[in-house]
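Every chain is numbered from 1, with letters handed out A, B, ... down the list of sequences.
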There are 2 protein chains.
Amino acid sequence: MTDTARGTSRRYGSRPTMKDVAARAGVGLKTVSRVVNGEPGVTPDTERRVQDAITALGFRRNDSARILRKGRTASIGLVLEDLADPFYGPLNRAVEEVARDHGALLINGSSAEDPAREQELVLALCARRVDGLVIIPAADDHRYLEPEIAAGVATVFVDRPAGRIEADTVLSDSFGGARDAVAHLIAHGHRRIGFLGDQPRIHTAAERLRGYRSAMAAAGLPVDEAWVSLGSTAPDRVRFAATAMLDGPRPVTALFAGNNRVTVTAVRVLAERPRPVALVGFDDFELADLISPAITVVAQDAARLGRTAATMLFRRLDGTDGPPRREEIPTRLIPRGSGELPPPADS
Amino acid sequence: MTDTARGTSRRYGSRPTMKDVAARAGVGLKTVSRVVNGEPGVTPDTERRVQDAITALGFRRNDSARILRKGRTASIGLVLEDLADPFYGPLNRAVEEVARDHGALLINGSSAEDPAREQELVLALCARRVDGLVIIPAADDHRYLEPEIAAGVATVFVDRPAGRIEADTVLSDSFGGARDAVAHLIAHGHRRIGFLGDQPRIHTAAERLRGYRSAMAAAGLPVDEAWVSLGSTAPDRVRFAATAMLDGPRPVTALFAGNNRVTVTAVRVLAERPRPVALVGFDDFELADLISPAITVVAQDAARLGRTAATMLFRRLDGTDGPPRREEIPTRLIPRGSGELPPPADS
DNA sequence: CTGAAAGCGCTTACAG
DNA sequence: CTGAAAGCGCTTACAG
């Protein structure tokens with residue numbers, strides 16, 4: 001009886017619609033819509049009949065259809081470098097929480113640090129008509145987003161700035177954090193300090209290098225270019241670069257590692273060496289305090305980066321106008337031991 | 001001129017549609033659809049006119065509308081406990097990669113270990129008509145999913161089994177891994193071994209406890225119930241429980257920690273104590289080898305869990321029928337030092 | 001309080 | 001090769 005009322009529509013994979021519910025309850029489509037959406041103007045009796053039909057048929061409103069009609073999709077996209085990178089976990093979670101507070105779902109994906117893949121993913125999200133985007137960019141040219149932004153897709157860049165367009169941005173203070181880290185090493189007596197950084201086309205890597213140079217210059221210390229190595233964070237490359245600095249003609253007595261992955265490899269390299277070398281790493285990581293010596297770091301507040309970006313996004317969606325904004329999140333130096341090691345007496 | 005052709009539809013926030021493109025190119029709607037979807041049967045000249053209109057208007061196909069008509073949404077949902085937990089990062093990424101290979105987007109969210117929130121999130125995803133779901137369950141009753149599964153939503157549970165329904169499932173071998181860990185400690189001379197586990201209603205926690213008991217029994221060792229503590233993974237609770245076992249009337253000489261968060265706290269507790277205590281942790285974690293002593297772990301292959309689950313999901317979507325399947329992913333004991341410490345001579 | 005008609009932006013099935 | 005009509009499952013605007 002139930003099935004017949006809906007014709008053949010009970011076959012596996014198909015779902016009842018409001019039309020089916022209306023037919024079963026013996027009411028109009030709009031009345032079902034009213035009940036489903038809790039709108040007023042339905043008698044208790046009618047409402048109950050509709051509710052019964054909903055339960056009997058296992059109806060669940062198709063939000064895709066609703067979205068098509070309403071305009072807003074109540075979903076936002078988050079594009080980051082790698083969902084598996086622990087640094088982005090708290091950021092991801094923070095964006096999710098803000099989205100949830102605004103009743104939105106979160107679609108996310110990894111760019112794998114590939115500009116083409118970033119663009120493909122971002123445009124796929126735009127085709128799905130996400131209301132907004134939070135992007136940790138891999139590309140350095142985002143002009144491809146201009147038509148989308150003009151069409152109303154709110155966009156906020158986090159962790160790294162947008163390339164060749166003006167957009168809302170939330171960044172950590174990479175320059176200041178790096179400067180503080182190197183100044184800290186200098187204050188502990190170091191004069192030859194190595195910088196192990198990420199690829200120079202990445203904004204944060206460039207900023208951290210700038211902070212390194214600024215601190216060295218402020219202390220009147222010359223920088224031997226053999227002490228600066230930027231490139232992939234692949235362990236082999238970092239290991240090679242660190243070893244070259246430590247065993248070169250003018251060996252460094254301290255290392256500043258430009259991000260968490262570099263720090264991890266640096267820790268491994270230093271653990272194998274007979275004499276201690278000072279180390280400060282950009283980015284905090286779990287158990288940094290349990291390694292011996294405990295690792296001094298410049299900590300970023302990844303959750304706050306995400307929260308700030310998502311909040312900015314929803315503010316735009318709520319109608320806040322005005323020119324693109326840039327917010328900077330401070331970093332914090334956490335001394336734990338490795339950054340307070342003195343240079344060797346004979347250096 | 002361009003704007004006039006589309007009437008007022010160029011206002012901020014609105015987007016051109018195929019109808020707009022058709023009008024501008026002077027062709028029918030269906031011809032635009034053909035060009036946009038690369039279907040055959042369009043003369044090069046017509047195609048060029050349509051392409052020009054697309055470019056001029058900044059048209060991007062609305063995939064939400066397309067989805068409504070086509071049935072499949074080309075998106076899947078992933079519900080896990082906490083996007084910020086590093087254990088789930090590789091799983092998340094693996095699911096994303098498989099989804100991407102199948103042209104699907106990934107919507108994900110955290111249940112925060114709250115059954116109500118899991119259900120709310122899962123049903124929201126069903127309302128969006130995701131094609132399938134990968135769920136790391138927080139709830140222990142999933143009958144709420146029965147109508148959805150009957151309606152064709154493919155569902156795979158990972159890391160923990162579904163509650164009170166039959167469903168495809170991918171699990172790590174928690175029992176075997178725990179048994180191996182405890183047997184390893186026994187082989188190194190321990191007879192009084194503590195188990196620090198997660199909440200007993202979590203399946204993996206129960207399985208690991210079962211593995212602990214099995215290994216003790218197999219070696220003919222009695223278990224003092226003061227050596228078993230299950231509960232929240234909050235550091236304070238774990239610290240309290242570990243301390244009680246270590247300082248009790250029959251002090252343990254070794255600890256088996258039931259997951260990564262427990263292990264981290266256990267490491268901290270042991271680092272503060274004068275004499276070494278053996279430790280094996282379930283779940284590997286970064287830098288476990290750099291702590292002193294390096295931490296012996298039972299490693300799960302989280303990426304493989306995710307890959308297997310997502311592959312199973314798309315196989316169902318591709319039409320594979322048959323009863324629910326269960327796959328078990330082996331674990332691997334990695335001796336690094338902490339699990340090979342002998343008991344104290346006077347024990 | 002209730003419902004029929006039109007429309008969101010596409011695709012499907014069909015006819016020329 | 002091309003396009004008009006119907007429909008996916010909802011909501012909006014309106015009329016009774």
Side-chain angles (χ1 to χ4, degrees), chain A residues 6-9 11 13-50 53-54 57-74 126-129 131 151-152, chain B residues 6-9 11 13-50 53-54 57-74 126-129 131 151-152:
Chain A
R6 295 185 38 235
T8 57
S9 61
R11 75 183 180 283
S14 105
R15 308 198 59 142
T17 70
M18 282 192 181
K19 202 174 152 192
D20 299 319
V21 174
R24 188 173 222 271
V27 300
L29 194 56
K30 177 61 201 175
T31 300
V32 177
S33 176
R34 284 199 181 88
V35 173
V36 168
N37 296 303
E39 289 167 21
V42 182
T43 50
D45 180 58
T46 309
E47 167 151 15
R48 203 172 37 65
R49 287 210 334 273
V50 172
I54 287 173
L57 297 174
F59 170 78
R60 180 170 308 286
R61 183 182 65 198
N62 183 335
D63 281 352
S64 289
R66 170 170 226 247
I67 279 162
L68 178 60
R69 194 61 237 260
K70 294 207 79 124
R72 279 212 179 169
T73 59
C126 290
R128 295 294 179 104
R129 297 292 189 266
D131 298 326
Chain B
R6 293 184 41 233
T8 58
S9 61
R11 73 183 183 283
S14 105
R15 310 200 55 143
T17 69
M18 282 193 180
K19 201 174 153 194
D20 299 318
V21 174
R24 189 173 221 271
V27 300
L29 195 57
K30 177 62 201 174
T31 300
V32 176
S33 176
R34 284 198 182 88
V35 172
V36 168
N37 296 303
E39 289 166 21
V42 183
T43 49
D45 181 57
T46 309
E47 168 151 16
R48 205 174 33 66
R49 286 208 337 270
V50 172
I54 287 173
L57 296 174
F59 170 77
R60 179 170 309 285
R61 182 182 67 197
N62 183 335
D63 281 352
S64 289
R66 170 169 226 245
I67 279 163
L68 177 60
R69 192 63 236 258
K70 295 207 79 125
R72 278 210 181 172
T73 58
C126 290
R128 295 294 179 104
R129 297 293 190 265
D131 298 326

Exercise answer: donor-acceptor pairs, residues 65-72 of chain B side-chain atoms, under 3.5 Å, sequence neighbours excluded:
residue, atom, partner, partner atom, Å
B:Arg66, NH2, B:Asn37, OD1, 3.3
B:Arg72, NH1, B:Leu317, O, 3.4
B:Arg72, NH2, B:Leu317, O, 2.3

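At least one side-chain heavy atom of B:Arg49 sits less than 4.5 Å from a side-chain heavy atom of B:Asp45. When side chains are defined from C-beta on, B:Asn62 does not count as touching B:Arg15, because their heavy atoms never get closer than 4.5 Å.
The distance from the OG1 atom of B:Thr17 to the CZ atom of B:Arg61 is 14.0 Å, given to the nearest 0.5 Å. With rounding to the nearest 0.5 angstrom, the CG atom of B:Leu29 is 9.0 Å from the NZ atom of B:Lys19. Here the straight-line distance linking atom CD1 of B:Ile54 with atom CD of B:Glu47 works out to 9.0 Å at 0.5 Å rounding.
Contacts of residues 26-41 of chain B with DNA chain D (heavy atom under 4.0 Å): B:Val27, B:Gly28, B:Lys30, B:Thr31, B:Arg34, B:Gly41. Taking every heavy atom of residues 59-73 of chain A and every atom of DNA chain C, pairs under 4.0 Å involve A:Leu68, A:Arg69, by number.
Counting 5' to 3', DNA chain D first comes under 4.0 angstrom of a heavy atom of chain B and last does so at the ends given by D:dC1 to D:dG9.
Under the rule for a side-chain hydrogen bond (donor to acceptor under 3.5 Å, both in side chains), the partners of A:Thr46 that lie at least two apart in sequence or sit in another chain are A:Thr43.
Scanning both residues, A:Thr73 and B:Ser64, for their nearest heavy atoms gives CG2-OG, 4.5 Å. Of all the heavy atoms in A:Arg60 and B:Cys126, the pair that sits closest is CD-CB, 4.0 Å.
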Pairing string of DNA chain C (Watson-Crick or G-U wobble, both atom distances under 3.5 Å; | = paired to other strand) is |||.||||||||.|||
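Nearer to the 5' terminus of DNA chain D, by closest-nucleotide assignment, is the contact made by B:Val42 (compared with the other of A:Met18 and B:Val42).
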